[in-house]
Amino acid sequence: MPSLRELREEAADCRACPLWQTGTQTVFGEGTARARVLLVGEQPGDQEDREGRPFVGPAGRLLDEALERAGIDRSAAYVTNAVKHFKWEARGKRRIHAKPSWSEIAACRPWLESELAVVKPAVLVCLGATAAQSLLGKQFRVTKQRGTWVESDLAPHVTATIHPSAVLRQRTDEDRHREMDALVSDLAIVAAVLARAG
Ligand code: URA
């Protein structure tokens with residue numbers, strides 16, 4: 001079994017889909033191999049692409065706050081993405097997030113499977129539809145199934161919730177607060193299982 005460091009080094013040269021041509025670098029997962037919870041997002045954003053680390057931009061800060069409110073220590077978690085290169089479109093000087101295609105998600109899945117095989121988390125959390133559909137199947141509907149436990153061979157406990165960016169996209173403070181509270185309550189079931197499992 002390769003180590004996370006070996007996987008990260010191998011993934012740095014990944015050419016399994018065309019996104020390596022426009023992304024700055026592969027953004028591999030981050031965290032300890034002993035993490036009991038593994039969180040999967042969609043793909044790195046602009047800041048993550050530049051820094052080479054997952055969830056360090058605005059969505060990452062919101063995720064940190066949600067994890068803290070739910071009572072989950074991010075430093076004890078492993079955080080990664082379904083797709084490990086930033087897919088973007090130019091809008092003026094800005095690089096705007098573009099949704100990864102199914103073939104790009106599928107091309108990247110072996111990295112995610114390797115991360116899961118090394119970390120062997122007690123709890124797997126899919127953040128948003130891309131991660132959920134990559135790991136739980138195309139028919140998975142986050143809006144309907146979020147915050148529930150899903151039968152899966154991937155980990156003893158598997159669940160999905162919305163992506164932190166969905167909170168950031170809300171137009172009013174009231175909507176943002178409501179979505180943030182819902183994200184925190186989905187994550188609270190994860191905290192409860194982690195506490196029970198000791
Ligand atoms: N959104 C994601 O899905 N992942 C990141 O790493 C950052 C933003």
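First listed ligand is number 1; within each ligand, the first listed atom is number 1.
Each of the atoms 3 (O) of ligand 1 lies under 4.0 Å from some heavy atom of G41.
For H163, every heavy-atom contact with ligand 1 shorter than 4.0 Å involves the side chain, none the backbone. Looking at E42 against ligand 1, both its backbone and its side chain come within 4.0 Å, counting heavy atoms.
Counting only non-hydrogen atoms, the option in T130, L127, N81 that gets closest to atom 4 (N) of ligand 1 is N81.
Using a 4.5 Å heavy-atom threshold, the side chains of V118 and S3 count as separate. Looking at heavy atoms from C-beta onward, F140 lies out of side-chain contact with L135 at the 4.5 angstrom threshold.
Closest protein heavy atom to atom 8 (C) of ligand 1: Q43 O, 3.8 Å.
A salt bridge is absent between R61 and D64; no separation between the charged side-chain nitrogens and carboxylate oxygens falls under 4.0 Å. The pair R178-D175 meets the salt-bridge criterion, with a side-chain N (NZ, NE, NH1 or NH2) lying under 4.0 Å from an Asp/Glu carboxylate O.
For ligand 1, the polar-atom distance check finds an N/O of F55 within less than 3.5 Å of one of the ligand's N/O atoms.
With respect to D49, the side chain to side chain donor-acceptor pair (under 3.5 Å) criterion is satisfied by exactly one of K87, R95, Q25, Q43: R95.
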